[in-house]
Amino acid sequence: MPERYNPAEFESKWQARWKEADLFKTVEDSDKPKFYGLDFFPYPSGAGLSVGHCRNYIPTDVLCRMKRMQGYSVLHPMGFDAFGLPAENEAITTKSHPEPMVHKYGLNYRRQMDLIGVSYDWSRSFWSSDPNYYKWTQWIFEQLFKSGLAYRRLAAVNWDPVDKTVLADEEIVGGRAERSGALVEKRFIPQWFFKITEYAQRLIDDLDTVDWPEGIKQQQRNWIGRSEGCQFQMEIAAGQDSPGEGLQIKERTPVFEVFTTRIDTVFGMTFCVLAPEHPLMDQVVKMACREHARRIEEYREAAKRLSENDRLATTREKTGVFTGLYAINPFNKQQVPIWIADYVLATYGTGAIMAVPGHDDRDFEFATKFGIDVVPVISPGAGIEPPLPFVTKDGFLINSGSYTGLAVAEAQEKLGIWLEDRGLGQRKIQYRLRDWLISRQRYWGCPIPIIHTKDGEMEPVPESQLPVLLPSVESYAPGDDGSSPLAQVAEFVNCTDADGRLGQRETDTMGGFACSSWYFLRFCDPFNDKQPWNPEIANYWMPVDCYVGGAEHAVMHLLYARFWTKFLHDQGLVKATEPFQRLMNQGQVLSYTPFRKPRADEKLDIGEDGILITKEEAAKLPKDQVFYKWVRMSKSRRNVVTPDEVVAEHGADALRVFLLFVAPFSQDVQWNTESVTGAVRFLNRVFRLVDELLPFYNREWHAYIDMYEATGVAKELRRRTHQTIKKSSEDIERFAFNTYISAMMTYVNELGDLLKKAEDTPEFKLAASEALESLILLLAPAAPHSGDELWEYIGNQGFTFELEWPTFDPALAIEDVVTIAVQVNGKLRDTLELPAGVTNEDIEAAARASSKVAQHLEGKEVRKVVIVPGKLANFVVA
RNA sequence: GCCGGGGUGGCGGAACGGUAGACGCGGUGGUCUCAAACACCACUGGGGGCAACUUCGUGUGGGUUCGAAUCCCACCCCCGGCACCA
């Protein structure tokens, strides 16, 4: 007899029954509308799930459960992103294979997800490290390769000279390796890339077709970084060190190209800059006189030594060297000095710029430091001397030959046409987005299915030979030269290609983002061994209707997955052009974490203001040495609260209700275990209320309720029921889970009040029966264990998951008394209870009749009366 | 610097341009109890008042409106992201 919410008694019982009944198995029914609800593919870590992860999974679960009850075919799968560095590093340390370890972690995740009652269809689950899965990751790689969208080239990578390994950007903190603390160097190693840049425009355009948080869309647009401008040629003239008269042109050289978004300022160009890694650099050195050549070489060496991080630090003072060479501005034939400076990036645009210090902050800083001329060519208005650097585009050209006087936009247009007419350049759209570096010289990833033939060609491994399996290796550590551990395995490397010729296998593996770029397609048809998925099935489920996860994947994962989906669409493999129709980001769960002030001999990393300590340490230290901050829960901070402990203390449903209620879904929350008691009390009240309603319960209420015109308390009861059905359905749909729970709380409070006025009439009993069932069903997605327990307790069969979601009747939800606010000059003076549908005239009359209102109208002239039907009356007095 | 998202009681947060503070936490008082816990009931934004009431209140300053937490302009602060991208 559940007089109280007593989770220990029934939560695991229901979880066992759900499993027994295979309740969450996906039912594919093409006659029904479909709903695909998906959580981000988690990487299973040894620390297990925290309540922070639950904040992701529970809301998605509530939505999916409601959709299922509303009659949708629901796909709600979960699997594991198993490849990756953390597992590999752990494998290196423990000298054990990463696979069983990740498996163990994944199973622990699953245990915890089951513990909090999430309705995943585990029959569709897979690990991305399973050959049956990564076979198809390789297959997609080959399609990209065959389409010319996967290629290999020499590229600079982050090299850790102590650990002798290539590092991901995320593994570098302040120019040093996170693990070894070594200064990171740049190394040039052949790398595999995907040509995501080819899809740049579509990746921008199609953002308009998806329902995503505006912030995430904007981050993607910024990342892709489209800019419109002009690219044009500059000729190099070799001459003396000082410009001007007496300059002798020794030889004509190949031109270099520059890209600019401000062609309108081209008459203000007083120098140009090449990146130290510019392809023309060797030629420049040759052309320069000996002294300059020496300085250029020195500068290039210094630039090479700088870590990417240091180099990109915007606070750094600008550096550069003059080459002694000059380039010719095609617009006015003037010669401008060519400098080399690392503030120009080789990887963007052409790696060279025209520098206009009068109208660009960076060029201005450089010119001022090196004493280069600054010429204003844009003015905000006639006769106005622009304050330099003047970078806004609001203005007119000055000192610009025949273009003087034109507005910026107009000049850009005309100058672009001028370039195109003479074949010197063209208007161009430039993207900041770079190609996606996919290769890793690491063991624990999906092998790249390529064979290098003796003739130096690259061939995809024949489809019949896929998957290329990860071999077993002696050591998981990368080689001294940074090569993959796979390169040590002769049996793996030496192979034959499709024609039987000897060849060498590619030993790079793919970064984990490849695996997570298509898993949502595999969930549609997870065990197909003939193709990655059956297109018909994928077209039924795709796109994902609601995709839920943390905002930290705003760019990388989401951009890559979009790119692959578009490519797969182009290949005719799926109709969808976007993978995720709606995206939601949950807020983080923060933990109140102690820090201490650093001692005199300790220094803090940039951005830190204290040293992390444990609660025990905090208790021992003097109070003025300790301070607390709200920071994200993480294993390394030792501030994690696990669902296990909360479930043990308060129950899974209480945890679910609490997390839903505590704050709006996308907002960060400050974890406070005591507050869970609010959810416990609420569930207790629900159980008690069910007991109180039970004596009135008639299982057949549905058949009879419409035979009575409800009046009085019964009518009020039905009204509240139908209002709550409406509110909770809408709130769940729009991810307003906090107000959904609060609506349920209000409903429970009001049912309690109404029960005190219980009547022994059939209409009341029927209304109470409707309320009782609605209460249980509306609450079931949030508190599914309690829902099923109560459903059984009131004498019914089956699972709430398989029952029909209540529908609301607008006629029943309507109020028959309205509260009218009466204002005088916008200030509330009285409220009136009037029958619904009251006329404006009656409202005004009733309002004037109010003594409280009359007080404020006395002796004053009413100039205007504003009536909002059914809501408000406002008297405007002089 | 740029791009997003926010500033509402002691706290978490509600609120189609129309009664600010729903719902919950915490607090105060009470009921139950030998007692405590639980539970239940009442009160709980600030000032003034015995009270009816009144007045001030949604980061700051302006504006639009009969009426602004909500719309517009300027600014301040906090959080997240990007950061020499020409």
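The structure presented is a predicted model; accordingly, all values stated were derived computationally and were not measured.
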A:C230 side, atom SG; A:F259 side, atom CZ - distance, nearest 0.5 Å: 8.0 Å
In terms of side-chain heavy atoms of A:R432, which of B:C66, B:U54, B:C82 is nearest? B:C82
By nearest atom, which of the nucleotides B:G18, B:G12, B:G13 is closest to the A:V662 side chain? B:G12
Would you say A:K827 places a side-chain N or O within less than 4.0 Å of OP1 or OP2 belonging to B:C56? yes
Counting only Watson-Crick pairs (N1-N3 plus N6-O4 or O6-N4) and G-U wobbles (N1-O2, O6-N3), all under 3.5 Å, who is the partner of B:U58? none
Under 3.5 Å, is there a donor-acceptor pair linking the side chains of A:Y747 and A:Q723? no
Side chain of A:T819 only, heavy atoms from C-beta on: which candidate in B:A22, B:U19, B:G12 is closest? B:U19
Whole-Å P distance, B:U19 and B:A68: 12 Å
When rounded to whole Å, the CD to C1' distance for the pair A:Q670 and B:C79 reads 12 Å
If you check every side-chain atom of A:L828, which of B:U19, B:C40, B:G13 has the closest atom? B:U19
Hey, are the side chains of A:Q220 and A:L203 touching, using non-hydrogen atoms and a 4.5 Å cut-off? no
What nucleic acid atoms does A:T831 come within less than 4.0 Å of, heavy atoms only: base, sugar-phosphate, or nothing? base
Please measure how far the P atom in B:G4 lies from the corresponding atom in B:A74, and state the result in whole Å. 14 Å
Respond yes when some side-chain nitrogen or oxygen of A:R829 is under 4.0 Å from OP1 or OP2 of B:U54, and no when none is. yes
Is the centre of the A:F735 ring less than 6.0 Å from the centre of the A:F737 ring? yes
For A:F682 and A:F661, I'd like to know if the aromatic rings sit close, meaning centre-to-centre distance below 6.0 Å. no
Of B:C66, B:C23, B:G13, the nucleotide closest to the side chain of A:N874 is B:C66
Looking at A:K852 and B:C53, is any side-chain donor or acceptor paired with a base atom of the opposite kind under 3.5 Å? no
Of the listed B:A39, B:A86, B:C82, the closest approach to the A:T261 side chain comes from B:A86
Distance test, side-chain N/O of A:R685 to OP1/OP2 of B:C40, below 4.0 Å: yes
Expressed in whole Å, how much space separates the C1' atoms belonging to B:U8 and B:U58? 4 Å
Side chain of A:Y348 only, heavy atoms from C-beta on: which candidate in B:C84, B:A86, B:A83 is closest? B:A86
Expressed in whole Å, how much space separates the P atoms belonging to B:G24 and B:C79? 32 Å
Would you indicate what A:F259 reaches in the nucleic acid, counting non-hydrogen atoms under 4.0 angstrom: base, sugar-phosphate, or nothing? sugar-phosphate
Which nucleotide sits closest to the side chain of A:Q823: B:U19, B:C84, B:C23? B:U19
Can you see if the side chain of A:N738 gets near the phosphate of B:A14 - specifically, an N or O under 4.0 Å from OP1 or OP2? yes
Considering heavy-atom distances to RNA chain B, does A:R734 or A:G215 have its closest nucleotide positioned more toward the 5' end? A:G215
Starting at atom CZ of A:F256, determine the distance to atom C1' of B:A86, rounded to an integer number of angstrom. 13 Å
If I take atom CZ in residue A:F737 and atom P in nucleotide B:A14, what distance separates them, rounded to the nearest angstrom? 14 Å
Any A:S742 side-chain N or O less than 4.0 Å from OP1/OP2 of B:G13: no
Any donor and acceptor pair, going by atom type alone, linking the side chain of A:S400 with main-chain N or O of A:F267 inside 3.5 Å? no
Separation of the P atoms in B:A15 and B:C3, to the nearest angstrom: 29 Å
Glycosidic conformation of B:G9, syn or anti, with 90° from 0 as the boundary? syn
Euclidean distance for C1', B:C23 against B:G46 (whole angstrom): 23 Å
For A:Y740 and B:G24, give me the distance from atom OH to atom C1', rounded to whole Å. 16 Å
If we take the C1' atom in both B:U60 and B:C77, what is their distance in whole Å? 10 Å
Can you tell which of B:U54, B:C40, B:C3 lies closest to the side chain of A:N222? B:C3
Could you tell me whether A:R562 sits above the aromatic face of A:W223, with NZ or CZ closer than 6.0 angstrom to the six-membered ring centre and within 45 degrees of the axis? no
When the P atoms of B:U70 and B:U65 are considered, how many whole Å apart are they? 16 Å
Ignoring hydrogens, what is the shortest heavy-atom contact between A:E228 and A:T261? Give both atom names and the distance. O-CG2, 3.5 Å
Hey, does A:N825 reach any base, or is it just sugar-phosphate, or nothing, if we go heavy atoms under 4.0 Å? nothing
Can you work out whether A:D342 or A:G826 has the more 5'-proximal nearest nucleotide on RNA chain B? A:G826
Applying the Watson-Crick and G-U wobble criteria at under 3.5 Å, what pairs with B:C34? Answer none if nothing qualifies. none
Please name the nucleotide paired to B:G4 by Watson-Crick or G-U wobble geometry with both distances under 3.5 Å, or report none. B:C79
